[in-house]
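A, B, ... follow the sequence lines: proteins, then strands. Residue 1 opens every chain.
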There are 4 protein chains.
Amino acid sequence: MTKTKAGRPRSEKAKQAVLNSTYELLTESGGKKLTIEAIAQKAGVGKPTIYRWWPSLADIVLEAVLNQADVKIPVPPYESLNTTLRQFLRSSMKSINEGDGSNLRYLMSLAQQDESFRDRFRENFVAKRQEILKSILRQAVDANDISSTQDLDMLVDLIFGSMWYRLLIGHGTMDEVFADKLTDIVIKLGNSDEVC
Amino acid sequence: MTKTKAGRPRSEKAKQAVLNSTYELLTESGGKKLTIEAIAQKAGVGKPTIYRWWPSLADIVLEAVLNQADVKIPVPPYESLNTTLRQFLRSSMKSINEGDGSNLRYLMSLAQQDESFRDRFRENFVAKRQEILKSILRQAVDANDISSTQDLDMLVDLIFGSMWYRLLIGHGTMDEVFADKLTDIVIKLGNSDEVC
Amino acid sequence: MTKTKAGRPRSEKAKQAVLNSTYELLTESGGKKLTIEAIAQKAGVGKPTIYRWWPSLADIVLEAVLNQADVKIPVPPYESLNTTLRQFLRSSMKSINEGDGSNLRYLMSLAQQDESFRDRFRENFVAKRQEILKSILRQAVDANDISSTQDLDMLVDLIFGSMWYRLLIGHGTMDEVFADKLTDIVIKLGNSDEVC
Amino acid sequence: MTKTKAGRPRSEKAKQAVLNSTYELLTESGGKKLTIEAIAQKAGVGKPTIYRWWPSLADIVLEAVLNQADVKIPVPPYESLNTTLRQFLRSSMKSINEGDGSNLRYLMSLAQQDESFRDRFRENFVAKRQEILKSILRQAVDANDISSTQDLDMLVDLIFGSMWYRLLIGHGTMDEVFADKLTDIVIKLGNSDEVC
DNA sequence: AGCTAAGCGAGACGGTACGTCCAGTCTTGCA
DNA sequence: TGCAAGACTGGACGTACCGTCTCGCTTAGCT
């Protein structure tokens with residue numbers, strides 16, 4: 001029995017206005033002008049409405065980014081480790097270079113300032129990306145492109161770790177060359193058991 | 001002709017008071033209570049004194065951390081890749097677990113909020129750590145523990161990247177097991193050319 | 001033909017709940033916690049219901065106070081100016097000291113903030129009290145206790161004016177002594193024409 | 001030995017800007033647009049500067065009114081009760097009619113909302129006016145225009161009480177006629193002892 | 001030895017954003 | 001169609017820090 005709650009229901013319009021305004025302010029300024037006050041003003045929404053629905057600025061940003069990015073990185077159907085991973089990493093790099101990078105850096109920054117948001121960021125964002133990459137690697141194991149003794153989580157840490165590292169520090173490029181190097185390294189590691 | 005400037009010279013006492021207070025506030029609260037106001041109060045120093053000598057809060061934190069951590073991670077004399085790298089990574093993990101991790105996370109967060117500080121953070125902090133690791137790897141190449149065709153920068157990115165990734169996201173442990181896995185992977189990759 | 005209106009009729013229960021809650025909140029806090037929100041919550045009533053029936057918070061308060069105080073100050077049957085006025089003023093003082101004073105002060109405060117409520121306050125509240133006092137004075141004129149040339153409105157202003165003044169400023173007591181002094185003054189003034 | 005306090009001294013400019021802006025906003029709107037936010041904006045002053053120096057909006061208003069009104073009601077040198085009091089009350093009425101009335105009403109309203117401000121209002125404002133009137137009456141006693149047995153405080157309450165009453169309720173005019181009536185009443189009461 | 005100019009602490013300044021409270025309005029479903 | 005519930009826009013609240021400023025007081029080096 002679905003009990004409908006009394007009272008005026010949440011305004012979907014207000015919700016979308018907040019998320020869109022947040023996303024725009026974020027991409028405009030890289031986070032410098034992103035304040036609750038500014039979001040409220042731009043969205044034409046009262047501040048209490050924002051505080052009613054999100055526990056912190058960070059959570060608005062996370063939802064706004066998810067709201068936009070839902071379908072941006074398509075998981076390609078598995079062909080071979082060489083092909084599929086390379087393509088996945090190349091398109092990841094591309095998306096980062098095209099502006100998502102700044103959002104990611106901002107989210108990571110927020111995650112360091114709020115313990116509880118860090119948890120939500122991990123669960124709702126990072127974990128999902130890890131799962132996508134891991135599923136590619138699992139298919140590679142099934143296809144015998146990676147030895148079944150490999151620690152896939154470790155591979156994921158190596159790949160995403162070095163990508164985040166370059167993104168956050170800014171000492172190296174996020175281009176196809178980097179994607180290819182990473183792919184080659186995974187291929188090497190995937191086969192290393194048979195050899196040594 | 002070195003003209004000594006007239007007037008009262010910079011107070012070394014004030015400088016140290018600021019750096020120490022900053023470090024204490026940082027480790028106490030993980031950054032939450034770290035404001036210029038709080039530093040000035042705790043150090044018994046006027047705010048203008050702080051602004052005279054540091055361009056931003058981030059730079060104070062960076063100097064405070066460097067001030068404390070200068071000698072914490074000793075570079076061991078090279079024996080073998082297996083021994084020396086393992087030793088280095090294990091002691092890195094230990095230092096991170098013992099409290100430095102929180103400071104690193106805070107610095108990285110600040111680096112995302114200020115473009116120009118990010119540069120200084122890279123040059124004065126990250127680059128130095130990279131150089132230490134790279135010098136170990138270079139010695140490994142000299143000792144034929146790593147093939148001379150390897151891209152050492154890439155190895156550094158893999159190692160430090162995955163470490164930062166775990167530190168920032170908090171999805172995996174920073175312990176000896178992780179240090180050993182990383183060491184093993186570097187050894188595998190170092191030899192992979194000869195084999196495949 | 002009296003057409004009964006369609007739809008649900010006004011809930012008398014809701015009305016009383018609002019007035020009672022208002023009165024309680026008012027006497028509890030002297031007006032500090034008296035907000036429409038608080039009234040609605042305490043009365044278990046929706047805010048729109050309140051706005052439908054009263055033009056402002058002030059009007060609710062006025063009605064709530066009238067609702068409670070209707071019969072508090074009985075007009076005694078006229079005996080003599082000395083007896084009846086003294087009695088009336090003494091019981092007025094008593095009621096003010098027993099808690100009504102705070103309500104009166106709050107109403108007067110509200111009346112200064114809203115021009116149109118000030119009119120309603122004057123018509124529905126103050127004027128009625130003035131009329132009661134004036135009717136006593138009129139009976140005194142009839143009984144020759146006051147000279148018929150006296151300006152009764154002026155006497156009312158003197159009496160109620162000095163009472164409100166003490167109540168609002170708080171520089172003097174509202175006790176029997178004050179009531180008696182006022183009575184004596186009225187008696188003196190009432191006869192002054194014959195004499196001087 | 002006068003010890004000068006350390007730190008930047010209070011800005012007299014900011015103080016005057018606040019008081020002037022407050023006075024203007026008050027006379028413009030009768031208190032409706034008078035918010036700390038608006039004062040800060042109009043005065044070109046930060047809100048914290050206001051909160052540093054005044055405990056509440058009411059206290060700003062009080063000081064602003066005092067700041068403006070310091071010399072508005074001159075105490076005339078005593079001639080006779082008939083002349084001096086009449087003149088004093090007439091000029092009081094005039095000042096009230098010319099705009100001060102609204103400020104007084106607003107101050108009285110604020111005094112009902114804040115117990116501690118009510119005390120300050122009484123001490124710093126009302127008491128001073130009472131003292132002025134009482135000094136006139138005292139001179140009248142010295143000149144034998146008022147019997148020495150009269151309770152002067154009571155007379156003050158009657159005069160100022162009825163004036164405030166008319167001002168706050170708005171049921172009667174504040175004109176020369178009223179001033180004259182009050183004067184006459186005081187004269188009558190002043191002599192009443194000899195007679196009755 | 002005294003002068004002088006910069007550094008020092010203290011703390012007020014104009015601001016910005018915070019997170020909260022309440023106002024007054026709107027939109028539901030139930031009675 | 002009135003009601004309770006409760007979400008809505010909006011505005012002011014009082015607070016925390018920001019980065020700048022103006023004080024009077026050190027204090028070290030140069031004359």
Side-chain angles (χ1 to χ4, degrees), chain A residues 3-11 13-15 17 33-41 43-53 55-57, chain B residues 3-11 13-15 33-41 43-53 55-57, chain C residues 5-11 13-14 17 33-41 43-53 55-57, chain D residues 3-11 13-15 17 33-41 43-53 55-57:
Chain A
K3 251 275 231 10
T4 321
K5 269 196 298 178
R8 182 177 178 174
R10 176 175 184 183
S11 154
K13 208 179 88 185
K15 179 181 167 180
K33 290 178 205 161
L34 191 59
T35 64
I36 302 238
E37 204 115 314
I39 295 171
Q41 172 133 29
V45 143
K47 276 200 287 176
T49 301
I50 295 182
Y51 285 106
R52 228 193 312 276
W53 297 111
S56 76
L57 175 58
Chain B
K3 251 280 241 0
T4 321
K5 272 196 294 182
R8 183 177 177 175
R10 176 174 185 184
S11 153
K13 209 178 87 187
K15 179 180 169 183
K33 290 179 202 160
L34 192 59
T35 64
I36 302 255
E37 204 114 316
I39 295 172
Q41 173 128 32
V45 144
K47 279 203 284 175
T49 302
I50 295 181
Y51 284 105
R52 226 190 315 273
W53 300 110
S56 77
L57 175 59
Chain C
K5 272 196 293 180
R8 183 175 177 178
R10 176 174 184 185
S11 152
K13 209 179 83 185
K33 290 179 201 159
L34 191 60
T35 63
I36 303 255
E37 203 113 316
I39 295 171
Q41 173 127 31
V45 144
K47 278 201 285 174
T49 303
I50 295 181
Y51 284 105
R52 228 191 313 276
W53 298 109
S56 77
L57 175 58
Chain D
K3 252 274 231 14
T4 321
K5 269 197 298 180
R8 183 175 175 175
R10 177 174 186 184
S11 153
K13 208 179 89 188
K15 179 180 167 181
K33 290 180 205 158
L34 192 58
T35 64
I36 302 237
E37 204 114 314
I39 295 171
Q41 174 132 29
V45 143
K47 277 201 286 175
T49 299
I50 296 181
Y51 284 106
R52 229 191 312 274
W53 299 110
S56 76
L57 175 57

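Among the protein residues, C/Leu57 comes within range of no part of the nucleic acid, since none of its heavy atoms lies under 4.0 Å from any strand. Residue contacts for B/Ala38: at a heavy-atom cut-off of 4.0 Å it reaches no nucleic acid atom on any strand shown. Across all strands shown, A/Thr49 has heavy atoms under 4.0 Å from base atoms, whether or not it also approaches the sugar-phosphate.
Protein atom CD1 of B/Ile50 is 13 Å distant from nucleotide atom P of F/dT20, rounded to whole Å. Atoms OH (B/Tyr51) and P (E/dA12) sit 17 Å apart, rounded to a whole Å. Rounded to whole angstrom, the span from the CD1 atom of A/Ile39 across to the C1' atom of E/dT16 amounts to 15 Å. Between the CD1 atom of B/Ile36 and the P atom of F/dT20 there is a distance of 10 Å, rounded to whole Å. Rounded to whole Å, atom C1' of F/dA7 lies 5 Å from atom CZ of A/Arg8. A straight line from NZ of A/Lys15 to P of F/dC8 spans 11 Å, rounded to a whole angstrom. We find that CD of D/Glu37 is positioned 14 Å from P of F/dT15, with the value rounded to whole Å. One can place NZ of D/Lys33 at 14 Å from P of F/dG11, the figure rounded to the nearest angstrom.
Closest-nucleotide positions on DNA chain F for A/Gly46 and C/Gly44 were compared, and the one nearer the 5' end corresponds to C/Gly44. If you find the closest nucleotide of DNA chain F to C/Val45 and to B/Leu34, the one lying nearer the 5' end belongs to C/Val45. Place B/Ser11 and A/Thr35 on DNA chain E by their nearest nucleotides, and B/Ser11 ends up nearer the 5' end. Positionally, the nearest nucleotide of DNA chain E for B/Pro48 lies more toward the 5' end than for the other of B/Pro48 and C/Ser56.
A/Ile39 contributes atom CD1, which lies 12.0 Å from atom CD of A/Gln41 (distance to the nearest 0.5 angstrom). Between the CG atom of D/Leu57 and the CD atom of D/Glu37 there is a distance of 12.0 Å, given to the nearest 0.5 Å.
Contact of A/Lys47 with E/dG19 (side chain to base): a donor-acceptor pair of N or O atoms is detected under 3.5 Å.
Considering all non-hydrogen atoms of both residues, A/Lys33 and A/Ala38 come closest at O-CB, 3.7 Å. Scanning both residues, D/Gly46 and D/Ala40, for their nearest heavy atoms gives C-CB, 4.4 Å.
Between D/Trp53 and the phosphate of E/dG11, there is no side-chain N or O to OP1/OP2 separation shorter than 4.0 Å. Side-chain nitrogen and oxygen atoms of C/Arg52 include none within less than 4.0 Å of the OP1 or OP2 phosphate oxygen of F/dG2.
Side-chain contact between D/Trp53 and D/Arg10 is present, with at least one heavy-atom pair separated by less than 4.5 Å.
If you check F/dA4, E/dC13, E/dC22 against the side chain of C/Ala14, the one that comes closest is F/dA4.
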